[in-house]
Amino acid sequence: MTPPVTVAADPGPFPLPEGKVALLVIDMQRDFLLPGGFGESLGNDVGQLQRVVPPLARVLAVAREAGLLVIHTREGHLPDLSDCPPAKLRRGSPSQRIGDPGPYGRILVRGEFGHDIIDELAPAAGEPVVDKPGKGAFYATGLQELLDDAGITHLIVTGVTTEVCVHTTVREANDRGFDCLVLSDCVGSYFPEFQRVGLQMVSAQGGIFGWVTDSLSVLPVLLPSLLPPSAVPSPV
Ligand code: TIU
């Protein structure tokens with residue numbers, strides 16, 4: 001059996017075993033990325049998240065071409081908010097709360113325009129979209145079963161925000177035995193400091209709950225045809 005290909009990462013090479021790797025795209029929703037949405041109502045600079053879109057769109061295209069399972073997630077709630085804990089509803093002092101009417105429909109409510117994924121990263125036909133009421137993608141969802149049924153053991157993790165839903169999901173995945181590779185330029189935070197430290201937290205202590213690399217490192221491994229000709233081993 002040939003060993004799996006690996007991606008250079010921090011703190012060490014991350015294996016991509018054939019047929020066992022999925023791309024997870026976390027919460028790339030209008031409510032978090034567009035001006036006027038939930039993210040901005042919390043007082044955040046949504047421009048900080050926009051920079052994730054071009055590299056993530058490239059990774060998404062290559063992952064599809066390479067035949068990886070692509071899974072999208074969306075944070076949000078039922079229209080009656082029965083799945084939203086009162087503590088989450090009350091939290092902070094946003095100008096608009098979950099369920100309030102906003103420029104893109106009711107904020108973080110399933111079925112509303114703002115709850116859906118941005119056009120640039122729209123799920124392709126057949127790609128699972130996991131709706132989650134929490135920050136982590138495993139809590140109160142079918143993600144674990146979906147991954148187990150597909151034989152997935154390794155996750156390439158992207159999306160927003162680095163220190164909230166990406167961190168929570170990677171920690172949940174790690175506790176469930178999945179190996180996670182976070183792509184630094186394909187995850188985003190409203191706070192540059194949290195982005196930097198959040199990524200360090202993942203791979204510190206010998207990869208305490210994951211690995212970190214960037215899209216330029218992973219793309220040619222996913223699709224060897226993207227390697228420059230000089231890097232392709234010549235046949236013997
Ligand atoms: N506020 C913030 O940074 N994030 C969230 O509320 N949700 C996600 O990270 N998706």
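Every number for a ligand or one of its atoms is a count from 1 in the order of the listing. Computed from a predicted model, the values in this text were never measured in an experiment. One is the number of the first residue; the rest follow in order along the sequence.
Taking a 4.5 Å side-chain heavy-atom cut-off between Ile, Leu, Val, Met, Phe, Trp and Tyr, the cluster of V197 extends to M201.
Taking each heavy atom of D83 and P85 in turn, the nearest pair found is O-CD, 3.6 Å.
Under the 3.5 Å distance criterion, the side-chain polar atoms of R74 are left unmatched by any main-chain donor or acceptor of D116.
With salt bridges taken as basic N to acidic carboxylate O contacts below 4.0 Å, one links E75 and K88. Using a cutoff of 4.0 Å between basic side-chain nitrogens and carboxylate oxygens, R51 and D185 are not scored as salt-bridged.
The side chain to side chain donor-acceptor pair (under 3.5 Å) with S189 is formed by just one residue from the set E163, Q48, Q195; it is E163.
Within 4.0 Å of ligand 1, contacts by protein heavy atoms are made from D27, F32, L42, E75, K135, V160, T161, V164, C165, Y190.
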